[in-house]
Amino acid sequence: MEEELKCPVCGSLFREPIILPCSHNVCLPCARTIAVQTPDGEQHLPPPLLHSRGSALSASAAAAPPLDQEAAAGPACSGAGGSAAGGLGGGAGGGSDHADKLSLYSETDSGYGSYTPSLKSPNGVRVLPMVPAPPGSSAAAARGAACSSLSSSSSSITCPQCHRSASLDHRGLRGFQRNRLLEAIVQRYQQGRGAAPGASAAAAVAICQLCDRTPPEPAATLCEQCDVLYCAACQLKCHPSRGPFAKHRLVQPPPPPPAPSEVASGSPGAVQGASSGSGGCKSPGATAAGAAGGSTARKYPTCPEHEMENYSMYCLSCRTPVCYLCLEEGRHSKHEVKPLGAMWKQHKAQLSQALNGVSDKAKEAKEFLVQLKNILQQIQENGLDYEACLVAQCDALVDALTRQKAKLLTKVTKEREHKLKMVWDQINHCTLKLRQSTGLMEYCLEVIKENDPAGFLQISDALIKRVQVSQEQWVKGALEPKVSAEFELTLDSEPLLQAIHQLDFIQMKCRVPPVPLLQLEKCCTRNNSVTLAWRTPPFTHSPVDGYILELDDGDGGQFREVYVGKETLCTIDGLHFNSTYNARVKAFNSSGVGPYSKTVVLQTSDVAWFTFDPNSGHRDIILSNDNQTATCSSYDDRVVLGTAAFSKGAHYWELHVDRYDNHPDPAFGVARASVAKDMMLGKDDKAWAMYVDNNRSWFMHCNSHTNRTEGGVCKGATVGVLLDLNKHTLTFFINGQQQGPTAFSHVDGVFMPALSLNRNVQVTLHTGLEVPTNLGRPKLSGN
């Protein structure tokens, strides 16, 4: 809350806050520093020219003296500026058709003008430097000169937050209302936080706010209207008791506030007095409240146009509090007004209602911040996981490359060893042949040298054959190398290098949807129907085209699809009563089907609650009592069905005879949904019924009448129907006694409660009944 209590100009807690026309607040001392004077030549310009020269106004304001009508200039100029104010009002247009004295003209005549700040303070607010006094002159004379300049020039103030400008009237900053409520809140906040020791010491003695002495003189009096503390000399000089100041009330300065320790242990009155001066903020208005009102908590705001008058009404047109003089003689005399207390309560209620909405949004924002913090944690964890995964993948690639490198090196080694072996084998073979041929050549040369013809001819034929055989051994290719020195192995690594350079993360445009979240607070059962609701998890970027809802058979069997679509809420009707169903859902999109959600277990009702179905009954059937009472407009028998359908379990319901005239034959039983509606129940093969008059009853199916039993119905009788699909039987009761034997056996399938009657009978249906165990013994049937 502290940010709401800080002035946008000085950045400190508000001191004497005033309310600007734009509803923003600013400290009164800060308002003096951001006020801007308009030269005399511009205040008489037509409105369009005044607006078009906004930049010139801002430029001239840089050299203008600050406006201090709250302190010395304010009181001193109030007397001298009355005629000037009147002249200013006339120069601005005069008459009753002028706009607002507190506004500049704009293009849309909104009462505000735009303002571009210059010479900004650190918080973006324009702050005008103090104009030094001429040499040899006193500060009071300088303030008097400033007041005289204000009498001949108009002034404006620009909101430091929205930068809207508003002109000041003859009252200057006093024309703006004092925000007493905000001032009291600031004081309470300072009291709760504890006042600073230095501030308490500074505020211990009230000093004059207009003294040019150092240090200032102690204050001798306080003006309640000006909220200014004066010493005796400054009061005579700046606030004489004549002229416009004659009606001002001067009181003694407030006593010094107690120390914080005294405040904590003092009385409530002491606490209130301390809150006025804590925090080091010199707030004369707050201290004046303690002096004038004694134990009063704060000084409440008064009408700025009629001083000393309290607010009593609220003007709905101007949306501001007004006093009774404003209603009698002011500009609010013809406006619609309401009591101040009533509007106070109404606006408090509106503010409380608005705060509820803000509170809800704040709660959502807190939850959102929790989600964001969870996302931060998830980002950290996922980042580490992805880094580890990346390192593992790259290490796997390096390992695979290392293994492939070893394989390739093994191939090169084998190829080299093979070539070396082939060359060495060829070298050894060629060397052996060469040695043999060389020896044969040398032997032949020695034989040729011999001169013995007979001896030569004895061996010449053998030598010739050996030489020829030796020559034939050097066949073609024998003197050529069998292998090449070149390795015919080429490793094409370019695609792999290119793949490595292109190795990057795949940004999947579409992933399968995440797991849907079941909204258990919206899942419910009613009778033999179940309703399920789900939603997509937050922060999901995968699109969802639809959902698939699956349900088992109620006996723990296989799941089956019961719904496929885009909706996130589905109701399944026609299930078994007193059965437990398991349900799950999954989402799908163009990329595939996502995982299943958690399985939710749903229990259908153990007893059936139903009414007569107005959509399935004959048009002559008349229903009332929330479709629980039925009669007919025709003398012929007409059929109406119930809203429930049974295919499993035991079910019991009763029908109370409300009216029974002229001995009709109503029929009670069960039927298929396609039963004939325009004749007595049981005459076709789609119904199993018991029809009864005032004396006896019969069972009927396919127009076959069986088991006539004595005992009928009358007004006030109750007919019970027991459908036991576990035993596949149908039994009837009248007034708690079983009517005849078991009416039908081998009943199997889907059945709906049914009834046929005419206009002489009216019955009321009673459902949600437990299956009775103490019904009377069956009556004996006739032929």
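In what follows, residues are counted from 1 in the order of the sequence shown. Heavy atoms only: backbone and side chains are in, while hydrogens, waters and symmetry mates are out.
Side-chain atoms of V771 and D724, non-hydrogen and from C-beta on, never get closer than 4.5 Å to each other. Under the 4.5 Å side-chain criterion, counting only non-hydrogen atoms from C-beta, K677 is in contact with L641. Side chains of T531 and K522 form no contact here, defined as non-hydrogen atoms less than 4.5 Å apart. Side-chain contact between W653 and L723: present, with at least one pair of heavy atoms (C-beta onward) separated by less than 4.5 Å.
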Please list, one pair per line, the donor and acceptor atoms closer than 3.5 Å that link side chains of residues 743-757 to other protein atoms, with sequence neighbours excluded.
{"residue": "S756", "atom": "OG", "partner": "L681", "partner atom": "N", "Å": "3.1"}

Review item, side-chain donor-acceptor pairs of residues 346-366, under 3.5 Å, at least two apart:
{"residue": "S352", "atom": "OG", "partner": "K348", "partner atom": "O", "Å": "2.9"}
{"residue": "N356", "atom": "ND2", "partner": "S352", "partner atom": "O", "Å": "3.4"}

Using the side-chain hydrogen bond (donor to acceptor under 3.5 Å, both in side chains) rule, take E367 and Q371 through it: C-alpha gap first, then chi angles, then the decisive distance, then the call.
-> CA-CA 6 Å; E367 295 176 353; Q371 291 179 351; 6.0 Å; no
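Around the CZ atom of R319, the shell of radius 6.0 Å holds no more than 12 heavy atoms that belong to other residues, nucleotides or ligands. No more than 12 heavy-atom neighbours from other residues, nucleotides or ligands sit within 6.0 angstrom of CZ on R526. Heavy atoms of other residues, nucleotides or ligands lying less than 6.0 angstrom from CD of Q558 number 12 at most. Applying the 6.0 Å contact sphere to CD of E521 captures more than 12 heavy atoms from other residues, nucleotides or ligands.
With values rounded to the nearest 0.5 angstrom, R584 atom CZ is found 6.0 Å from T599 atom OG1. Distance NE2/H663 to CG/D693: 9.0 Å, rounded to 0.5 Å. Between atom CG of residue D552 and atom CG of residue N582 there is a gap of 4.5 Å, rounded to the nearest 0.5 Å. Here CG of N695 is found 10.0 Å from CZ of R708. Values are rounded to the nearest 0.5 Å. In this structure, the separation between CZ on F577 and CG on L725 is 11.0 Å, given to the nearest 0.5 Å. Summarising the geometry, atom CG belonging to N707 is positioned 14.5 Å from atom CZ belonging to R696; distances are rounded to the nearest 0.5 Å.
The ring pair (Phe, Tyr, Trp, His ring centres under 6.0 Å) search around Y563 returns none, not counting sequence neighbours. Scanning for ring pair (Phe, Tyr, Trp, His ring centres under 6.0 Å) contacts around F732 gives F699, with sequence neighbours left out. Checked against ring pair (Phe, Tyr, Trp, His ring centres under 6.0 Å), H618 has no partners two or more places apart in sequence or in another chain. With sequence neighbours left out, H335 forms a ring pair (Phe, Tyr, Trp, His ring centres under 6.0 Å) with H332.
Each of H576, H651, H728 was checked for a ring-ring contact (aromatic ring centres under 6.0 Å, His included) with F646, and the lone residue meeting it is H651.
At a cut-off of 3.5 Å, with distance as the only test, no side-chain donor of Q187 or Q191 sits close to an acceptor on the other residue.
The nearest pair of heavy atoms linking V639 to I621 is O-CG1, 3.9 Å.
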